[in-house]
Amino acid sequence: MQLHFPALLMCSTLLIGEDFAEAQQRTANYDEAKIAAYTLPPLLQSADGTSIQTAEAWSQKRRPEVLALFEQHVFGKTPAPSTWGKVVFKVTGIQKEALGGLATRKFIQVTLPEHPNWQGLEIMLYTPNGSGRPAPCFVGPSFGGNHAVSPEPDVPLSTRWMRPSKDKHIVDNRATEASRGNESSRWPLEMILREGFAVATYYYGDVEPDHAEGWKEGLRAALSPQGTHTVWQNGDWGAIGAWAWGLSRIADYLETDADVDAKHLAVIGHSRLGKTSLWAGAQDSRFDVIISNNSGEGGAALMRRNFGETTAIITKAFPHWFTPTYTTYAGNEAACPIDKHMLIALAAPRPIYIASAVEDQWADPKGEFLSGLHAQPVYDLFGKKGVGVPEQPGIDQPVGDTVGYHLRTGKHDVIDYDWQQYLKFAARHFGR
Ligand code: GTR
């Protein structure tokens with residue numbers, strides 16, 4: 001027995017990423033009774049002790065502090081525009097009769113001429129045909145690339161690094177013909193376009209491959225002072241920050257495209273990309289609706305609730321997603337000066353939608369709801385109603401005014417039911 005012990009220890013230290021997270025899912029706490037009492041950090045008290053009582057004081061004084069806390073302790077600071085310099089958008093393809101004539105499809109290559117080490121990202125944009133006016137647009141990253149989002153066979157296959165998939169269509173970390181349309185159930189393009197909305201998406205791995213060493217091939221290394229940053233300091237941005245940066249560059253492009261109403265953009269993401277959409281929305285006010293689908297730990301879920309995935313698990317499995325400081329709160333959440341109700345509050349007074357799934361206990365659906373609920377004091381300052389209910393609603397009972405929430409039947413995923421709620425929510429807030 002003694003001989004096996006060191007071998008086992010070695011295995012457990014080697015196990016990181018998805019495998020580690022999956023192994024933890026079985027042993028995590030799923031018992032409400034075992035959650036220790038916690039106190040959330042104050043939302044409406046600024047660092048100098050001033051109590052924040054007006055929308056103006058929130059916007060001028062407290063909001064910048066909260067944003068800076070997320071930079072320092074969770075996601076790291078996005079470099080200033082002078083760091084990346086000029087951004088070039090090149091339309092590389094237009095198909096005016098896409099999806100059987102329902103839409104126009106464009107591809108736009110985004111590059112940074114001052115940072116040629118970074119290979120750039122490719123936007124795929126669908127705009128509805130025949131409406132005669134610019135379309136409001138959903139903007140979100142994909143896990144599998146444009147060819148996986150679209151059901152159309154002429155979409156170029158991404159040649160970038162990809163995470164292995166359970167159904168084996170990724171071979172040697174590259175997409176194959178079998179990868180086509182693989183993510184299309186999460187992007188019901190026809191349903192969205194028929195409602196008069198456009199969709200803009202990009203493959204998150206274009207900005208940085210999603211593994212612990214992925215930054216070496218991605219934007220973060222390209223923009224670092226040495227062009228090959230090796231030691232990440234506390235407060236430096238992580239991969240989530242870089243993926244969120246990609247979403248803001250899409251917003252830059254959309255502002256130049258006459259087919260899109262860039263005053264009405266909804267940023268959306270699922271799971272790790274839901275964490276990304278929350279952070280993109282917090283930093284970029286051009287996203288006037290923010291949607292987090294099953295974003296869980298590191299996203300909408302309160303970090304102080306020990307339920308499902310924890311800070312310790314996520315920072316061990318995916319250290320590259322965050323700034324190094326975040327790891328120091330593993331098992332020590334009470335010391336962290338933020339919790340996720342503050343991330344939701346950064347959206348205010350803009351509308352935000354938080355979605356959970358009942359079989360996604362790993363993401364702590366109740367903790368996701370509570371963040372929305374506890375953001376209410378900031379929405380109050382703006383005279384806005386948030387989730388509008390004091391308790392998490394039952395299954396398939398969407399609630400909320402400016403802060404939408406639902407707990408739907410089913411597992412960790414994005415399904416038509418989710419989109420039906422997002423379309424209604426966005427249409428209501430965009431006045432359509
Ligand atoms: C899991 C991770 C979650 C979530 C998810 C995903 O392994 O623990 O926080 O981000 O991955 O993105 O699919």
Side-chain angles (χ1 to χ4, degrees), residues 12 15-30 74-75 140-145 148-149 161-167 170 182-183 185-187 201-205 207-212 214 238-244 246-247 267-280 291-323 326-327 329-331 333 339-340 343 354-368 371 410-415 418:
S12 76
L15 208 58
I16 54 160
E18 318 290 329
D19 292 344
F20 175 76
E22 268 183 33
Q24 298 300 308
Q25 285 190 28
R26 289 186 290 278
T27 53
N29 174 49
Y30 297 105
V74 187
F75 299 116
S142 76
F143 283 92
V149 169
W161 186 95
M162 304 227 164
R163 288 157 62 216
S165 73
K166 290 217 166 72
D167 47 7
I170 302 294
N182 219 271
E183 213 173 327
S185 67
R186 288 181 175 172
W187 295 89
T201 180
Y202 87 101
Y203 171 50
Y204 79 137
V207 168
E208 174 168 324
D210 185 6
H211 60 91
I240 288 176
W243 300 325
L247 294 171
V267 67
I268 181 165
H270 168 59
S271 204
R272 67 197 67 186
L273 299 179
K275 312 180 209 300
T276 303
S277 68
L278 287 172
W279 185 227
I291 300 166
S292 134
N293 193 91
N294 304 178
S295 63
E297 189 67 37
L302 288 178
M303 69 188 288
R304 279 167 175 72
R305 276 170 55 88
N306 172 18
F307 190 99
E309 190 171 23
T310 60
T311 313
I313 297 170
I314 202 168
T315 54
K316 178 160 186 211
F318 308 104
H320 59 290
W321 290 354
F322 304 98
T323 199
Y326 197 46
T327 310
Y329 301 113
E333 288 80 357
D339 210 317
K340 298 314 175 56
L343 184 56
I354 304 165
S356 308
V358 76
E359 288 171 42
D360 186 20
Q361 294 296 307
W362 178 239
D364 186 11
K366 188 169 176 188
E368 295 180 314
S371 283
K411 59 185 176 61
H412 187 69
D413 200 357
V414 195
I415 65 171
D418 299 309

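Values in this document were obtained by computation on a predicted structure and should not be read as measured data. First listed ligand is number 1; within each ligand, the first listed atom is number 1.
By the salt bridge (charged side-chain N to carboxylate O under 4.0 Å, His left out) test, D210 is found to be paired with R272, residues two or more places apart in sequence or in another chain being considered. Among residues two or more places apart in sequence or in another chain, the ring-ring contact (aromatic ring centres under 6.0 Å, His included) test is passed with H211 by W161. Y203 meets the ring-ring contact (aromatic ring centres under 6.0 Å, His included) test with no other residue; sequence neighbours excluded.
Checked against E297 for a side-chain contact (heavy atoms from CB on, under 4.5 Å), the options L302, T311, D364 give a single hit: T311. Just one of W279, W243, Y326 meets the ring-ring contact (aromatic ring centres under 6.0 Å, His included) condition when paired with F75; it is W279. With S356 as reference, E368 is the one residue of H412, E368, Q361 to meet the side-chain contact (heavy atoms from CB on, under 4.5 Å) rule.
Within 4.0 Å of ligand 1, protein heavy atoms belong to E18, A21, S271, R272, K275, E309, I314, F318, W321, W362, H412, listed by chain and number.
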